Amino acid sequence: MKAKIIFHKSLFAKSLSLCTVFTIAIISVSVISAQKTFADTASNGTPETTNSETITTPASEQIIYVNPTTGADSASNGSSEESAYRTISFAIEQATPGTIIQLASGQYNTEKFPIVVKSGITLRGNENSQGEGIEVIGGGLYNSRTFARQDITILTQGNATISGLTVTNNNRRGTGIWVESGQPIIQNNTFTSNKREGVFVTGKATPRIENNRFVKNDANGVSVTKQAGGEIRNNIFENTGFGIAIGGNSTPMVSNNKIYSNRNGIVLTDFAKPQILSNNIENNSDYGVVIIGQAKPNMDKNTFAGNQKKDMFQAVPYSE
């Protein structure tokens with residue numbers, strides 16, 4: 001049986017007035033508590049622009065090398081591991097569609113943040129270890145087309161690829177990767193200790209987010225909103241606020257993920273219509289899946305176990 005909660009009208013109205021704040025209301029005995037999942041991403045009122053970004057088809061593949069310890073940002077470098085650039089930012093300035101930027105082990109914390117990975121470019125570390133020892137740490141301000149100013153580590157464009165990195169934005173309200181358009185691939189990475197979420201997907205973007213590990217992020221592992229879609233599959237979400245938060249009118253496919261030991265596994269709000277299929281949702285300290293507002297997920301073949309309050313929780317807004 002679904003649990004139905006009648007929200008106090010003023011509280012629910014307030015929660016919906018911030019179009020980018022996802023709020024979950026949970027009753028325990030007679031106390032109502034609210035928790036943000038998209039903290040501090042309130043819209044600045046700027047109209048959303050049409051996604052006119054071109055998806056680039058690489059003409060050829062080229063590899064350039066970056067080493068934060070032994071490299072040097074000189075135009076004559078970059079062609080080999082022994083003669084590498086020092087920063088990702090400089091390497092991207094030299095890169096053309098089809099280029100793979102290969103990162104050596106080390107900390108990349110002196111970049112020009114945010115790092116903008118252009119369409120057709122691959123930023124690659126060690127995919128086999130999900131980025132162990134290849135740490136991109138930091139963030140910078142970005143004026144989003146669909147949200148207010150954000151603090152992000154990496155911005156993807158078009159069909160860029162991010163693979164084999166460890167991404168941390170430990171700035172206040174920091175996000176690891178911001179996806180606002182295009183069809184980027186984000187695979188075989190680790191997102192850890194981001195002050196907000198590992199990956200934020202908005203606009204009409206349709207990324208493929210797969211085989212990543214999201215651990216110890218303060219707010220969410222992945223956040224999806226606006227009209228975004230894409231796929232979130234074969235990832236691990238652990239020890240974070242909400243594993244996945246989905247809202248707006250978004251329609252992502254969420255499949256074959258392991259979502260455990262978070263505050264809540266998956267939180268759905270607004271008018272989201274995701275497909276949630278064949279996930280393991282276990283041992284979360286509150287709920288496995290939370291449904292708020294008019295969200296209507298298509299759920300099938302998910303496995304629930306050990307969620308401390310309940311596997312499924314559905315709340316309905318106050319209505320007269």
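Below, each value reflects all heavy atoms present in this structure, side chains not excepted, and no hydrogens, waters or symmetry copies. Here the structure is a predicted model, which is why all the values come from computation and not from measurement.
Checked by atom type, the side-chain pair S261/E238 shows no donor-acceptor distance below 3.5 Å. Side-chain contact, S89 with T87: no donor N or O sits under 3.5 Å from an acceptor N or O. A donor-acceptor pair shorter than 3.5 Å can be found between the side chains of S83 and N77. Side-chain atoms of E180 and Y142 form a donor-acceptor pair, as typed in the model, at a separation below 3.5 Å. No side-chain donor from either of N194 and N169 sits under 3.5 Å from a side-chain acceptor of the other.
Heavy-atom minimum distance, T225 versus S250: O-CB, 4.0 Å. Minimum heavy-atom separation, V201 to A228: CG1-CB, 3.7 Å. Here the closest non-hydrogen pair linking I281 and V289 is CD1-CG2, 3.9 Å.
The line from OG1 of T161 to CD of Q183 is 11.0 Å long, rounded to the nearest 0.5 Å. Between atom CZ of residue R149 and atom CG of residue L141 there is a gap of 5.0 Å, rounded to the nearest 0.5 Å.
The pair E231-R208 does not meet the salt-bridge criterion, since no charged nitrogen lies less than 4.0 angstrom from a carboxylate oxygen.
For the side chain to side chain donor-acceptor pair (under 3.5 Å) with R86, the lone residue among N67, T70, T110 that qualifies is T110.
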Check step by step if side chain to side chain donor-acceptor pair (under 3.5 Å) holds for T175 and R196.
CA-CA 5 Å; T175 294; R196 210 172 63 200; 3.1 Å; yes
Applying side chain to side chain donor-acceptor pair (under 3.5 Å) to N262 and T240, what does each step give before you reach the verdict?
CA-CA 5 Å; N262 306 286; T240 190; 5.1 Å; no
Walk me through whether K301 and L277 qualify under side chain to side chain contact (heavy atoms under 4.5 Å, CB included).
CA-CA 6 Å; K301 298 181 180 179; L277 310 174; 5.9 Å; no
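In this structure a side-chain-to-backbone donor-acceptor pair under 3.5 Å is missing from S181 to A205. Between the side chain of N256 and the backbone N or O of N234, no donor-acceptor pair lies under 3.5 Å. Not one N or O on the side chain of N220 forms a donor-acceptor pair closer than 3.5 Å with the backbone of S223.
Put simply, V215 and V222 are part of two different groups of oily side chains (I, L, V, M, F, W, Y) that touch within less than 4.5 Å, one to the next. A continuous path of ILVMFWY side-chain contacts below 4.5 Å connects I177 to I101, so both sit in one hydrophobic cluster.
Looking at heavy atoms from C-beta onward, V66 lies in side-chain contact with Y108 at the 4.5 angstrom threshold. Using a 4.5 Å cut-off on side-chain heavy atoms (C-beta onward), Q157 and V116 make contact. R172 places none of its side-chain heavy atoms less than 4.5 Å from the side chain of K195. At least one side-chain heavy atom of W178 sits less than 4.5 Å from a side-chain heavy atom of T202.
For K118, the NZ atom sits in a packed shell: over 12 heavy atoms of surrounding residues, nucleotides or ligands are nearer than 6.0 Å.
Y85 and F90 have perpendicular rings, their planes meeting at more than 60° on a 0 to 90° scale where under 30° would count as parallel.
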